[in-house]
Q: 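My structure is below; once you've seen it, I'll send some questions.
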Amino acid sequence: MADTKREIERKYESDESGLPDLTGVAGVKAVIDKGVAHLDAVYYDTADERLAAASLTLRRRTGGSDAGWHLKVPVAPGVRDEIREPLSDTVPRTLAGLVRSRVREAELLPAVRLRSDRDVRHLVDAEGKLLAEVSVDAVHAERLTDGGGTAQWTEIEVELADDGDPAFLDKVEKRLRKAGVRPSSSASKLARALAETRPSGSGKKKRKAPPVPAEPADPVTAGDHVLAYVRAQRDAILELDPAVRQDAYDSVHRMRVATRRLRSTFRSYGKVLDRTITDPIGEELRWLAGELGVDRDREVMTERLTTVLGELPRTLISGPIRTRLRTWANARRGGSRRRLIGVLDSKRYLALLDTLDALVAEPPLLPDAVGKPEKVIGKAVRKDFGKVSALVEEAIEAPPGPDRDLALHEARKKAKRTRYAAEAATPALGTPARALAKSMKSLTTLLGEHQDSVMVRVTLRELSAVAHAAGESSFTYGVLYGREEQRAAGVEAALPEAWKGIVAEGSVQV
């Protein structure tokens, strides 16, 4: 299992290449000399530097206290997660998987070698507790591609101690700036090495569909706004891929939402992007969402059942229902996780990412794409809202039962689509679109409560049947079923008034 460490650090450069006295920094009792470490790191990337373009660094380093393979993933400015694996001759499978959404089918090759003499000092407080590690790095960079090239520089690096207060770095920086030290112009050693070792007159090798195309100018046309939203969802899928592989909290759900937002955008803005091109992509996104949802639906049901079970008085709990629920919740978990990783490694998924890159790079724009956002985008959002309105009215008029359940579910799906369309429209239309997105979120939450109740009742029937076959009491399952019926009825009763409120707010006037 890979080890992950959160790094909060800042880099500096100085014409004098020296470290000023830091004993005057507030909170620092002593500066302890820890000696010089000799570090040797080889950074890997594709021939067209896809990892560098995504601000990812993958290296094999010897020397120092943390020799091994390191993958650095940006979290925020000055904050990165470093994922570590032990030394080996080849890129560890775990780390290769975490960058696969960027690398795709390309080969990871040695790109740059950095050799550093690191003069380390520890800043400690009065109790001897480590506050930060400060190092002066004398760096020698050697490009291993494009005919080679070398560069040398010295930089100062300040890394916050584990669980330290980030405000302490501000105090250190204040002292450094007074001594003439300035923040580094490069985000990382690798970025500087790539820039300074590139042979004169050469450039990056071109690729058909860059994984991370340059951001366009501020949106002007309807097409600009729609593409900005599409690009954001494509980027979300790429950025969430490593988190999904690591089983990070809520990552699967967020990635699934990004796929839905993309599909909805293609449908809502069919007058902007050619649906003969986007519909097949939408089907692939639908496939991906389905694969991501294998565990998600069970997680939702488990969370809800656990909550409602916890609300019951002990006198209403009969039989080993908690054990039965845990068994059901964990069924196929390990196998489905392996299957999901297989999906993310599959040619089909990687081809989908290539297709999304190509779509962003060369969008299939229709004539309305050059139209005014207020007219083109507003019309599309109003059309979506009209569909939601018809379905909500149909559901309200339908008698309680399966027909109403289906109508409410369809209304929920259309409300989601309208919400996403309004989100895409917000930069262009402002407050009215923002209000509509908020209203549709509220509506989908209400209707989602109803749909969850429908699905929980299906699950309860299944669990009850299994328990009965095992000779266990099914009493509590019936109690929970009745409560879910009441929850659903409560939503149905509240819907007409909630819907009137949405219409009365005037948020549909986009």
Side-chain angles (χ1 to χ4, degrees), residues 229 253 256-257 260-271 289 293 297 300-301 303-304 307-308 374-458 481-510:
Y229 193 72
H253 172 62
R256 196 180 186 193
V257 168
R260 287 174 170 170
R261 281 184 164 126
L262 272 175
R263 286 188 68 222
S264 293
T265 302
F266 292 157
R267 291 188 171 197
S268 295
Y269 295 106
K271 296 291 186 181
D297 293 339
V300 171
M301 295 301 100
E303 183 177 344
R304 184 169 180 125
T307 299
V308 297
E374 296 81 1
K375 179 179 179 180
V376 176
I377 292 178
K379 182 178 180 180
V381 174
R382 288 192 295 272
K383 182 179 178 181
D384 276 351
F385 181 79
K387 294 179 180 179
V388 174
S389 182
L391 284 168
V392 170
E393 297 293 344
E394 177 186 335
I396 291 173
E397 295 298 324
D403 288 343
R404 175 179 281 183
D405 291 346
L406 180 59
L408 289 171
H409 183 46
E410 290 299 317
R412 176 177 176 246
K413 291 193 292 185
K414 289 298 187 294
K416 279 187 177 182
R417 175 171 156 183
T418 305
R419 174 191 168 187
Y420 300 150
E423 286 178 351
T426 296
L429 305 184
T431 300
R434 188 178 298 108
L436 178 57
K438 183 178 179 181
S439 294
M440 291 298 97
K441 181 179 181 180
S442 175
L443 179 61
T444 55
T445 298
L446 181 65
L447 298 182
E449 176 73 12
H450 186 276
Q451 180 62 16
D452 285 349
S453 176
V454 171
M455 298 306 298
V456 166
R457 279 177 276 158
V458 171
Y481 192 97
R483 291 199 168 202
E484 287 300 329
E485 284 186 320
Q486 290 179 342
R487 288 176 187 264
V491 171
E492 293 174 22
L495 179 59
E497 198 64 29
W499 180 246
K500 285 181 183 179
I502 288 174
V503 176
E505 285 176 359
S507 61
V508 301
Q509 304 303 316
V510 294

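Remember, it's a predicted structure, so these values are computed and weren't measured experimentally.
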Q: Checking the side chain of Tyr269 only, and the main-chain atoms of Ala421 only, is there a donor and an acceptor separated by less than 3.5 Å?
A: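 Yes; at least one donor-acceptor contact below 3.5 Å.
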Q: Which atoms form the tightest heavy-atom contact between Leu446 and Val491, and what is the distance?
A: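 In this case the closest contact between Leu446 and Val491 is O-CG1, 3.5 Å.
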Q: Working to the nearest 0.5 Å, report the span between CG of Leu436 and OG1 of Thr418.
A: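 One gets 7.0 Å once the value is rounded to the nearest 0.5 Å.
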Q: Under the 3.5 angstrom rule, does the side chain of Arg434 hit a backbone N or O of Thr426 as a donor-acceptor pair?
A: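 A pair under 3.5 Å: no.
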Q: Would you give the length of the straight line joining atom OG1 of Thr444 to atom CZ of Arg417, rounded to the nearest 0.5 angstrom?
A: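 With rounding to 0.5 Å, OG1 (Thr444) is 15.0 Å from CZ (Arg417).
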Q: What pair of heavy atoms forms the shortest contact from Leu391 to Glu410, and how long is it?
A: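 That would be CD1-O, 3.6 Å.
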Q: Let me confirm one number: the CZ-OG distance from Arg483 to Ser453, rounded to the nearest 0.5 Å.
A: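 The OG atom of Ser453 is 13.0 Å from CZ of Arg483, to the nearest 0.5 Å.
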Q: What pair of heavy atoms forms the shortest contact from Leu443 to Ala415, and how long is it?
A: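 Where Leu443 meets Ala415 most closely, the heavy atoms are CD2-CB, 3.9 Å.
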Q: Could you measure the distance from the OG1 atom of Thr445 to the CE atom of Met440? Nearest 0.5 Å is fine.
A: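 Here the rounded value is 11.0 Å.
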Q: Tell me whether the count of non-hydrogen atoms from other residues, nucleotides or ligands lying under 6.0 Å of CD in Glu303 goes above 12.
A: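 At most 12 heavy atoms, drawn from other residues, nucleotides or ligands, come within 6.0 Å of this atom.
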Q: Heavy atoms only: give me the nearest Ala425-Val381 pair and the separation to one decimal.
A: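 What the structure gives for the nearest pair is CB-CG2, 4.0 Å.
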Q: For Arg419 and Ala437, indicate whether the former's side chain and the latter's backbone hold a donor-acceptor pair under 3.5 Å.
A: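 Such a contact is absent between Arg419 side chain and Ala437 backbone.
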Q: Judged by atom type as modelled, is there a donor-acceptor pair below 3.5 Å linking the side chain of Ser389 to the main-chain atoms of Phe385?
A: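 No, because the side chain of Ser389 does not come within donor-acceptor range (under 3.5 Å) of the backbone of Phe385.
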Q: For Arg457 and Ala488, work out which heavy atoms get closest and say how close.
A: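 Here Arg457 and Ala488 meet closest at NH2-CB, 3.4 Å.
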Q: Report yes if the side chains of Arg263 and Tyr420 come closer than 4.5 Å at any heavy-atom pair, otherwise no.
A: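 Of all side-chain heavy-atom pairs linking Tyr420 with Arg263, none is under 4.5 Å.
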Q: For a side-chain contact (heavy atoms from CB on, under 4.5 Å) with His450, tell me which candidate from Arg487, Glu492, Arg412, His409 qualifies.
A: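 When Arg487, Glu492, Arg412, His409 are each tested with His450, the side-chain contact (heavy atoms from CB on, under 4.5 Å) holds only for Glu492.
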Q: Report yes or no: does Ser268 contribute a side-chain atom to a donor-acceptor pair with the main-chain N or O of Thr265 at less than 3.5 Å?
A: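 Not at all, since once roles are kept as given, no pair shorter than 3.5 Å links the two residues.
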Q: Could you tell me which residues satisfy side chain to side chain donor-acceptor pair (under 3.5 Å) with Arg261, sequence neighbours excluded, listed by chain and number?
A: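 By the side chain to side chain donor-acceptor pair (under 3.5 Å) rule, Arg261 matches Tyr229, Glu423.
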Q: With side-chain contact (heavy atoms from CB on, under 4.5 Å) as the criterion, how do Val454 and Leu408 come out once you've worked through the C-alpha distance, each side chain's angles and the decisive distance to 0.1 Å?
A: CA-CA 11 Å; Val454 171; Leu408 289 171; over 6 Å; no
Q: How far apart are the closest heavy atoms of Ala428 and Ile377, and which atoms are they?
A: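 Minimum heavy-atom separation between Ala428 and Ile377: CB-CD1, 4.3 Å.
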Q: One pair to check against side-chain contact (heavy atoms from CB on, under 4.5 Å): Val308 and Glu484. What are the steps and the verdict?
A: CA-CA 9 Å; Val308 297; Glu484 287 300 329; 3.8 Å; yes
Q: Would you check, one step at a time, whether the test side-chain contact (heavy atoms from CB on, under 4.5 Å) holds for Glu374 with Leu429?
A: CA-CA 6 Å; Glu374 296 81 1; Leu429 305 184; 4.2 Å; yes
Q: Under 3.5 Å, is there a donor-acceptor pair between the side chain of Arg256 and the main chain of Ala289?
A: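 Confirmed, Arg256 side chain pairs with Ala289 backbone.
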Q: Kindly indicate whether the side chain of Gln451, heavy atoms from C-beta on, has any atom under 4.5 Å from the side chain of Asp405.
A: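 No. Closest side-chain heavy atoms not under 4.5 Å.
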Q: Salt bridge check: are Arg304 and Glu449 linked by an N-O gap of less than 4.0 Å?
A: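 The answer is yes: the pair qualifies as a salt bridge.
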